2 protein chains.
Amino acid sequence: MKARVHVMLKNGVLDPQGEAVRHALGSLGFDGVEGVRQGKIIELDLTETDPGKAKETVTEMCEKLLANTVIESYSVEIA
Amino acid sequence: MKARVHVMLKNGVLDPQGEAVRHALGSLGFDGVEGVRQGKIIELDLTETDPGKAKETVTEMCEKLLANTVIESYSVEIA
C-alpha cells in the first residue's frame, strides 16, 4: 500500500526558499508570478494492507518525524 | 490562478534523503515501511487566468528552473 504525505509551511510562516524561486522565475522573464511556496512530498511504501490503519500509522509518523507541526501542516493520502 | 508542481526523483535514481527517513522511521519503531522517496511540491500563485496557458507557462518553468529533468520528473496541476 502506498501513502503520500504533503508537508507545507503554515500560512504566515516565512518561506525564503519559495521567495528565492519566485525571484529566480522573475529573472528568467516569467512575469505574473505573485507568490511561491515550497513544500515536501514523502511517498511511503507500506506493508500494511488496511487503508484505515495505514492512514493512522502515517499520521503518527507525521506527528513524530515527518512534519514539524509548529510551523508545518501536513496531509496524508492513501492510494 | 493556483498551480501545483510535484517534482520527484526518477525511478532508479538513488534517494539518500528518503533512505534516511526510512531509517529514522525504523528507529522510531515503525515497522513495515518498505521504501521512502522524498520530493518537492512547489505552489505557484499566477496572475494568468486561462488554465491552458497557465499549464504551458508552468511546464516551461519546470523545464527551465523548477526540475532537473536529467534526474527528476515533474507533474503540473492547475487549480
Side-chain angles (χ1 to χ4, degrees), chain A residues 1-11 13 15 17-50 53-68 72-77 79, chain B residues 1-11 13 15 17-50 53-68 72-77 79:
Chain A
M1 175 149 283
K2 296 232 178 210
R4 180 178 270 201
V5 178
H6 287 193
V7 180
M8 295 296 292
L9 284 170
K10 286 182 180 169
N11 286 333
V13 178
D15 182 357
Q17 208 176 357
E19 206 45 40
V21 171
R22 196 178 64 81
H23 194 258
L25 286 172
S27 307
L28 285 173
F30 291 105
D31 300 324
V33 181
E34 286 184 327
V36 181
R37 307 281 288 172
Q38 186 164 336
K40 286 182 288 185
I41 317 175
I42 300 151
E43 284 186 356
L44 301 148
D45 234 329
L46 304 168
T47 49
E48 180 65 63
T49 49
D50 179 70
K53 271 191 200 162
K55 187 157 190 176
E56 209 172 285
T57 311
V58 174
T59 302
E60 208 186 325
M61 289 176 186
C62 290
E63 290 288 337
K64 284 198 178 159
L65 179 77
L66 303 179
N68 176 355
E72 292 172 331
S73 60
Y74 63 84
S75 62
V76 177
E77 246 171 62
Chain B
M1 175 151 279
K2 295 233 178 208
R4 180 178 270 200
V5 178
H6 287 192
V7 181
M8 295 295 295
L9 284 170
K10 286 182 180 167
N11 285 333
V13 178
D15 181 359
Q17 209 175 358
E19 206 45 41
V21 171
R22 196 176 65 79
H23 193 257
L25 287 172
S27 306
L28 285 172
F30 291 105
D31 301 325
V33 181
E34 285 183 329
V36 180
R37 306 280 288 171
Q38 186 163 335
K40 285 182 290 185
I41 318 175
I42 300 152
E43 284 186 354
L44 301 149
D45 234 329
L46 304 168
T47 49
E48 180 65 63
T49 50
D50 179 70
K53 271 192 201 161
K55 187 157 191 176
E56 211 172 282
T57 310
V58 175
T59 303
E60 208 186 326
M61 289 176 186
C62 290
E63 290 289 334
K64 284 199 179 160
L65 179 77
L66 303 179
N68 176 356
E72 292 171 331
S73 60
Y74 62 86
S75 62
V76 177
E77 247 173 61

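Within every chain, numbering begins at 1; the chains are lettered A, B, ... in the order of the sequence lines, protein sequences first and strands thereafter. This structure is a prediction, so every number in the text was calculated from the model and none was measured.
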**Message:** Counting only non-hydrogen atoms closer than 4.5 Å, does A/I42 touch chain B with its backbone (N, CA, C, O), its side chain (CB onward), both, or neither?
**Reply:** both
**Request:** State whether B/E56 and B/K53 are salt-bridged, where the test is any N-O pair (Lys NZ or Arg NE/NH1/NH2 against Asp/Glu carboxylate O) under 4.0 Å.
**Result:**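 No salt bridge links B/E56 with B/K53.
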**Request:** Determine whether A/T59 and A/K55 make a side-chain contact, defined as any pair of heavy atoms from C-beta on separated by less than 4.5 Å.
**Result:** yes
**Message:** Taking the side chain as everything from C-beta on, heavy atoms only, tell me whether A/L46 gets closer than 4.5 Å to A/M61.
**Reply:**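 Counting from C-beta outward, A/L46 and A/M61 do come under 4.5 Å.
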**Request:** Quick one: which of B/E48, B/Q17, B/M8 has the most heavy-atom pairs under 4.5 Å with chain A, could you say?
**Result:**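 Highest number of heavy-atom pairs under 4.5 Å: B/M8.
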**Request:** Could you tell me which portion of B/E60 (side chain, backbone, both or neither) has an atom closer than 4.5 angstrom to a non-hydrogen atom of chain A?
**Result:** both
**Request:** Measure B/R4 against the heavy atoms of chain A and call it side chain, backbone, both or neither at under 4.5 Å.
**Result:** side chain
**Asked** Taking all non-hydrogen atoms of both residues, which atom of B/L9 and which atom of B/E72 are closest, and how far apart?
**Response**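 Taking every non-hydrogen atom into account, CD2-CG, 4.0 Å.
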**Request:** Indicate the atoms forming the closest heavy-atom contact of A/M1 with A/A54, along with that distance.
**Result:** SD-CB, 3.9 Å
**Item:** Largest heavy-atom contact set with chain B, pairs under 4.5 Å, which of A/V21, A/L28, A/L65, A/V33
**Value:** A/L65
**Option in A/R22, A/K2, A/E34 with maximal non-hydrogen atom pairs under 4.5 Å from chain B** =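 Ranked by heavy-atom pairs under 4.5 Å with chain B, first place is A/E34.
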